[in-house]
Structure formats: C-alpha cells, structure tokens
Undergrad: 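Before we start, here is the structure in question, set down as structure tokens.
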Amino acid sequence: MKPRSSSKFGKFEKKKPFDKNARGPKKGEKGYGSPSRSPSRPQRKRMRRVLPPMDYKDVEALGKYITEKGKILPRRITRLNSKDQRTLTRLIKKSRHSGLLAFQAN
C-alpha cells in the first residue's frame, strides 16, 4: 500500500501563490463596476422641488405637507431636498407649539 500525500492538492500539483490581481480591477481602474453596456432606458436626473419661502404662521401652506392624521409627509413624497425638508419640519413643529396647527387630527 502506498502512503498518501499529506497535501490536499495531490501528488503532482503544486500550490499556487496568492495573486492580488486575480480578484479583478480595483475602484478607479478601468473595468471596475458593472459591465459597460448601455442602459435599457436613458437615466434622468431626479429633480427636487425647492420649498417656497413661508412662515410658521402660514397654516394653509404648511397643511399641504401634513397628512389627514397630522403626520409630516416624508421626503420621497414631498420631493424636497434634505435641507428644505428639515426647514419644513422645523416650521411645522414651531407652528404646532404656537397652537396654530394641531398635533393630531380629531
């Protein structure tokens, strides 16, 4: 009976050295990311609305950004940029604390 080779690669195969470049291109190199093919439809830049200048006392304008239950609408629905959404939230909260807007709908 022949003694078995302790190597997991077998008797005649050699262990190959680790090649860093075998994984593929790195970020910034050509060929990184998805394959270069044209998208199925043209990509549009998403346009965000800008919050019109308003005051916390303008309840009718702020009411457009609140649900029937009294919750503030999220950015994906209002389509505002993050800075304007934060401003809107501050205005609504200020209006609620001053008593012009209700915290909950009745």
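Source: prediction; values computed, not measured. Counting begins at 1 with the first residue of the sequence.
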Undergrad: I need the full list of salt bridge (charged side-chain N to carboxylate O under 4.0 Å, His left out) pairs touching residues 57-66, with sequence neighbours left out, sorted by first then second residue.
TA: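 Every pair satisfying salt bridge (charged side-chain N to carboxylate O under 4.0 Å, His left out) with a residue in residues 57-66: Asp55-Lys57.
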
Undergrad: Hey, what do you get for CD (Gln104) to NZ (Lys71), rounding to the nearest 0.5 Å?
TA: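 If we round to the nearest 0.5 Å, Gln104:CD and Lys71:NZ are 9.5 Å apart.
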
Undergrad: Quick one: NZ on Lys93 to OG on Ser98, what's the gap to the nearest 0.5 Å?
TA: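 These two atoms lie 14.0 Å from each other.
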
Undergrad: Got Ile77 and Tyr65 here, is their nearest side-chain heavy-atom distance under 4.5 Å?
TA: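 Result no, sub-4.5 Å side-chain heavy-atom pair not found.
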
Undergrad: Which residue is it: Leu80, Ile66, Leu73? I am looking for the one with a side-chain contact (heavy atoms from CB on, under 4.5 Å) to Leu88.
TA: Leu80

Undergrad: Can you measure from NZ (Lys94) to CG (Leu101) and round to the nearest 0.5 angstrom?
TA: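 Rounded to the nearest 0.5 Å, the NZ-CG separation comes out at 13.5 Å.
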
Undergrad: Taking the six-membered ring for Trp, is the centroid-to-centroid distance between His97 and Tyr56 below 6.0 Å?
TA: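 Centroid distance His97-Tyr56: not below 6.0 Å, so no.
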
Undergrad: Out of curiosity, Leu91 CG to Arg86 CZ, how far, rounded to the nearest 0.5 Å?
TA: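 If I round to the nearest 0.5 Å, the distance is 13.0 Å.
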
Undergrad: Assess whether side chain to side chain contact (heavy atoms under 4.5 Å, CB included) is satisfied between Ile72 and Arg96, documenting all intermediate values.
TA: CA-CA 12 Å; Ile72 301 171; Arg96 284 176 175 168; 4.1 Å; yes

Undergrad: Do any N or O atoms from the side chain of Thr78 and from the backbone of Pro74 form a donor-acceptor pair under 3.5 angstrom?
TA: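 Yes: the side chain of Thr78 pairs with the backbone of Pro74.
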
